[in-house]
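Keep in mind that what you see is a predicted model, and the values were worked out from it rather than measured.
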Amino acid sequence: MATTNNLQVPVVEDGIRYWNEQPASVDGVLGGYGTGSLPRIDALGSRLFLLHLYPELCTVSSALKPLEAHPVSNPIRALDVGAGVGRVTSDVLLHLVDTVCLLEPVTPFIQEALQNARKSAAANSSTQINGRHPIHWPGLAEQTKSVTFLQGTLQAFDPAHPIVSNDSSSSIAFIDRIGSHPDPEDPMTDIDSGFDVVWCQWCLGHLNDIDLVAFLQRSYVALRNHGADGHNGNSLIVVKENTCSDAEDGGLRTVFDEQDSSFTRSDMAWKAAFREAGLRLVKEQVQEGLPDGLYVVKMYALK
């Protein structure tokens with residue numbers, strides 16, 4: 001991968017320090033855009049993007065659902081990294097998959113996500129408004145779905161073999177599992193069984209180029225194999241991130257943000273990272289409908 005045109009690179013501790021100072025809310029993780037149309041439009045765009053790639057996940061009769069859909073024999077597992085307060089897990093992934101593993105390094109954020117999941121799991125008819133609990137994580141109250149909470153950084157995390165421990169010396173800590181449990185005696189029994197979807201949104205900018213490529217490679221190894229030809233079937237990695245303009249000569253470009261110690265990469269820079277990681281780009285799409293004045297947000301599907 002070509003070298004960045006910035007002298008500065010993201011520093012893990014600086015990024016965590018910045019986010020620790022932000023409100024532990026949807027508005028906080030979205031930089032003040034959490035109370036407008038952005039969360040709903042973003043979540044809808046993400047769901048449709050994933051359904052076009054993985055139509056078996058469609059739960060209602062539609063043009064997306066295969067006429068002769070083969071039943072999925074195993075629970076569909078998703079990984080949500082840099083998950084913040086769990087917005088993507090609750091608003092996108094739990095609507096489509098059976099179980100989610102959520103990774104977040106910032107303590108106030110993951111604690112907010114955990115508390116919201118617990119409230120949703122404990123919801124009953126007396127706490128619902130118009131048939132729906134105000135905090136809704138699909139499937140948790142019914143014990144049909146689950147979310148596992150892990151705390152740690154992307155740099156330290158191996159999706160194929162998470163280092164999960166309650167020991168404070170571990171780089172990745174198991175916090176809790178809410179919802180269904182395949183083995184009530186061991187909530188982590190399936191923690192290293194791989195993923196059908198690895199979802200990375202608004203977090204990979206905190207990785208330098210080397211760490212980004214390494215994380216993408218580790219994520220590929222963690223994809224579960226549903227294809228008879230041994231090419232991971234429908235399993236995929238989704239990257240949804242801000243993009244800046246490419247360099248004037250058409251080459252890759254990165255912009256360093258001193259405030260939160262992160263990169264914004266251009267489309268060419270993202271694609272260079274994907275190639276270096278040995279991944280194949282199978283679909284790309286701009287997220288439409290976001291407020292004016294923001295970076296262009298693109299979704300990339302990788303296999």
_Heavy-atom closest contact (Val9 atom, Ser261 atom, distance)_ = O-OG, 4.2 Å
*Can you tell if the side chain of Val106 reaches within under 4.5 Å of the side chain of Tyr18, non-hydrogen atoms only?*
no
*Under 3.5 Å donor-acceptor, Asp196 side chain and Arg77 backbone*: yes
*Is it true that Trp199 and Val297 fall in one hydrophobic cluster, defined by side-chain heavy atoms closer than 4.5 Å?*
no
*asked:* Could you report the tightest heavy-atom contact between Lys298 and Asp267, atom names first, then the distance?
replied: NZ-OD1, 3.0 Å
*asked:* Measuring from atom CG of Leu279 to atom CG of Leu216, what distance do you get when rounded to the nearest 0.5 angstrom?
replied: 6.0 Å
*Are Ser193 and Arg224 close enough that a side-chain donor and a side-chain acceptor fall under 3.5 Å?*
no
*If every non-hydrogen atom of Pro10 is compared with every non-hydrogen atom of Phe256, which pair is closest and at what distance?*
N-CE1, 3.6 Å
_Once rounded to the nearest 0.5 Å, what's the spacing between atom CE of Met188 and atom NE2 of His181?_
10.5 Å
*asked:* Which heavy atom of Phe215 sits nearest to which heavy atom of Cys200, and what is that distance?
replied: CE2-SG, 4.0 Å
*asked:* Using 30° and 60° as the class boundaries, would you call the ring planes of Phe149 and Trp137 parallel, tilted or perpendicular?
replied: tilted
*Stepwise, does the side chain to side chain contact (heavy atoms under 4.5 Å, CB included) test hold for Trp270 with Leu204?*
CA-CA 10 Å; Trp270 283 115; Leu204 298 184; 3.7 Å; yes
_Does atom CD1 (Ile210) have a neighbourhood of more than 12 heavy atoms from anything else shown, all under 6.0 Å?_
no
*Counting only heavy atoms not in Asp249, do more than 12 sit closer than 6.0 Å to its CG atom?*
yes
_Any heavy-atom pair between the side chains of Phe274 and Val239 that's under 4.5 Å?_
yes
_Rounded at 0.5 Å granularity, tell me how far CD in Glu56 sits from CD1 in Ile76._
8.0 Å
*asked:* For Ser266, run the side-chain hydrogen bond (donor to acceptor under 3.5 Å, both in side chains) check against Thr254, Asp246, Thr243 and tell me which one passes.
replied: Asp246
*Kindly work out whether a path of hydrophobic side-chain contacts (I/L/V/M/F/W/Y, heavy atoms less than 4.5 Å apart) joins Leu53 to Val100.*
yes
*Show your reasoning for whether side chain to side chain contact (heavy atoms under 4.5 Å, CB included) applies to Phe174 and Thr148.*
CA-CA 8 Å; Phe174 170 75; Thr148 298; 3.8 Å; yes
*To the nearest 0.5 Å, how far apart are CD in Gln8 and CG in Asp14?*
10.0 Å
*Ala222 to Ala160 - nearest heavy-atom pair and separation*: CB-N, 3.5 Å
*Would you say the side chain of Leu102 lies within less than 4.5 Å of the side chain of Leu93, judging by non-hydrogen atoms?*
no
*Please check if any side-chain donor atom of Asp42 sits under 3.5 Å from a side-chain acceptor atom of Gln201, or the reverse.*
yes
*Side-chain touch Phe157/Ser171, heavy atoms, less than 4.5 angstrom*: no
_Validation row: Lys283, Leu236 side chains within 4.5 angstrom (heavy atoms)_ = no
*Check whether any side-chain heavy atom of Leu30 lies under 4.5 Å from a side-chain heavy atom of Arg87, and answer yes or no.*
yes
_Exercise: identify the closest heavy-atom pair between Val29 and Gly84_ = CG1-CA, 4.4 Å
*Establish whether Val85 and Leu150 are linked, either directly or via other cluster members, by ILVMFWY side-chain heavy-atom contacts under 4.5 Å.*
no
*Linking I/L/V/M/F/W/Y whenever their side-chain heavy atoms sit closer than 4.5 Å, directly or via other members, would Phe109 and Val88 fall into one cluster?*
no
*Mind checking whether Phe49 and Val282 sit in one hydrophobic cluster, side chains of I, L, V, M, F, W, Y counted as touching below 4.5 Å?*
yes
_Point-to-point distance, once rounded to the nearest 0.5 Å, from CZ of Arg253 to OG of Ser245_ = 4.0 Å
_Can you classify the ring geometry of Trp19 versus His206 as parallel (below 30°), tilted (30 to 60°) or perpendicular (above 60°)?_
perpendicular
*asked:* Is there a side chain to side chain contact (heavy atoms under 4.5 Å, CB included) between Gln155 and Leu207? Walk through the geometry before answering.
replied: CA-CA 7 Å; Gln155 290 87 342; Leu207 300 180; 3.3 Å; yes
*Lys145: what forms a side-chain hydrogen bond (donor to acceptor under 3.5 Å, both in side chains) with it, not counting sequence neighbours?*
none
*Hey, does Phe195 have a side-chain heavy atom less than 4.5 Å from the side chain of Ser235?*
no
_Please evaluate residues Asp260 and Gln22 with respect to the criterion side chain to side chain contact (heavy atoms under 4.5 Å, CB included), reporting the C-alpha separation (whole Å), side-chain torsions for both, the decisive distance (0.1 Å), and the verdict._
CA-CA 11 Å; Asp260 67 357; Gln22 308 310 308; over 6 Å; no
*What is the distance from atom OG1 of Thr99 to atom CG of Asp190, rounded to the nearest 0.5 Å?*
6.0 Å
*Go through the side-chain N and O atoms of Thr107 and Gln151 and say whether any donor and acceptor fall under 3.5 Å apart.*
yes
_Side-chain touch Ile16/Glu13, heavy atoms, less than 4.5 angstrom_ = no
